[in-house]
Number of protein chains: 2
Amino acid sequence: MEDKKKVRSNCGVSLSLDIIGDKWSLLIVRDLAFLGKDTYGDLLKMEEGIATNVLADRLVVLEKAEIITKEIFVGSKSKFKYRLTEKGIDLYPIIMEIMFWGSKYCEVKPEQIGIAKMTKQQRDAFTKDVMKKRHKELTERS
Amino acid sequence: MEDKKKVRSNCGVSLSLDIIGDKWSLLIVRDLAFLGKDTYGDLLKMEEGIATNVLADRLVVLEKAEIITKEIFVGSKSKFKYRLTEKGIDLYPIIMEIMFWGSKYCEVKPEQIGIAKMTKQQRDAFTKDVMKKRHKELTERS
DNA sequence: TTTATTTACTTGCATTTTACAAGTAAATGC
DNA sequence: GCATTTACTTGTAAAATGCAAGTAAATAAA
């Protein structure tokens, strides 16, 4: 994995996709943001089955981009805890919109079908709530 | 380019990223959605410089996914017009959220800096407006 | 205290995707 | 009738991803 910080343009969409525009990054953020996962092992077990080297690689990229932080578990020397930064938590609205689009146009699992029927207000409220929770965790620990 | 319809899971985020989770698809949609582009040549000239074979490949994928349509220009046999479907127009809120995140955390070009300062209401209104315009075009032609 | 297991990776290699340069073929413009 | 436009295709190199196996330190179990 080389350090290649080449930027395609200065458009916000392009700059963002330079970082998160791949098939895995947002799934990692999804699992951290609302599936309660926070270790390498947890993330490795995500239902989509990410390859171990790809996960390792992505975690380094996301950490360098300051989307996640890596810290040692208290009382343990062999466990690390990955957590979203504020920048990472702010990716949540993107994920929510993607999830909404998916639930509208793709054959999603039963639990997610309902999302397509949510009103914009409901979705916004849900998004706000998740972000608030993660943000609270973030400020409480330091 | 092979037909590989393998799906990683039935999560809406994952299913969506199976289609649009790459560095180019959403930039193509961006250019179609609000830069007024509609031909292969136009898209090829996008500021990020997409490779010609990648563009050709992505257009096929997006057409198969029913995100865009391809039609012949009236009065011309050598020009094609690419346009967003409703499913494609519905990607706009995702792009808008990505643009917002980018304008907040990346070094975007001067014209986009202001986006980071927009209130949620303003962004929602803008998004709604762009979608309304595209949707109007879509219904007017048929 | 030795042994097994957990945790977080790395390494090597095959496959796929993307990048870059060049070429093609039909339609149009001059 | 010849150059140009338009929309690609082809070939090849480089990068990203997928898969299987291996490693090394820390912890738990016997």
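Order of the sequence lines fixes the chain letters, A, B, ..., with proteins taken first and strands second; residue numbering starts at 1 for each chain.
Between B/Tyr40 atom OH and C/dA25 atom C1' there is a gap of 14 Å when expressed in whole angstrom units. The distance from atom CG of A/Asp42 to atom P of C/dA8 is 8 Å, rounded to the nearest whole Å. If you measure from atom CD of A/Glu63 to atom C1' of C/dC9, you get 14 Å, rounded to the nearest angstrom. Rounding to whole angstrom units, CD1 of residue A/Ile72 and P of D/dT27 are separated by 11 Å. Between B/Lys81 atom NZ and D/dC8 atom C1' the separation is 20 Å, expressed in whole Å. The CG atom of B/Leu55 sits 10 Å away from the P atom of D/dA7 (whole-angstrom rounding). Between the CZ atom of A/Arg58 and the P atom of C/dC9 there is a distance of 16 Å, given to the nearest Å. One interatomic measurement links the two molecules: CG of B/Leu44 to C1' of D/dA7, which rounds to 9 Å at whole-angstrom precision.
For the pair A/Arg123 and A/Glu97, the salt-bridge criterion is met [side-chain N within less than 4.0 Å of a carboxylate O]. Taking a cutoff of 4.0 Å between a charged side-chain nitrogen and a carboxylate oxygen, A/Arg58 and A/Glu63 do not qualify as a salt bridge. No salt bridge links B/Asp42 with B/Lys37; every basic N to acidic carboxylate O contact stays at or beyond 4.0 Å. Ion pairing of A/Glu86 with A/Arg134 is absent here, as no side-chain N (NZ or NE/NH1/NH2) approaches a carboxylate O to less than 4.0 Å.
The residue B/Thr52 sits close to a base: some heavy atom pair falls under 4.0 Å. Counting non-hydrogen atoms under 4.0 angstrom, A/Ser76 reaches the backbone sugars and phosphates but no base. A/Tyr82 comes within contact range of the sugar-phosphate backbone alone, with a heavy-atom separation under 4.0 Å but no base atom that close.
Ring orientation note: the planes of B/Phe126 and B/Phe34 are nearly perpendicular, at an angle over 60° on the 30°/60° scale.
Scanning atom types as modelled, no donor and acceptor separated by under 3.5 angstrom connect the side chain of A/Asn53 and the base of C/dC9.
Looking at A/Ser103, its side chain does come within 3.5 Å of a backbone N or O of A/Phe100 through a donor-acceptor pair.
Comparing atom distances between the A/Ala51 side chain and each of C/dC9, D/dC19, D/dT6 picks out D/dC19 as nearest.
In terms of position along DNA chain D, the nucleotide closest to B/Ala56 lies nearer the 5' end than the nucleotide closest to the other residue of the pair A/Val54 and B/Ala56.
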Short heteroatom pairs, N/O only, protein and nucleotides 1-5 of chain D, under 3.5 Å:
none

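Under 4.0 angstrom from either OP1 or OP2 of D/dC8 there lies at least one side-chain N or O belonging to B/Lys70. For A/Trp24 and D/dA16, the shortest distance from a side-chain N or O to OP1 or OP2 is not below 4.0 Å.
Closest approach of A/Ile50 to A/Leu44, counting heavy atoms only: O-CD1, 3.7 Å.
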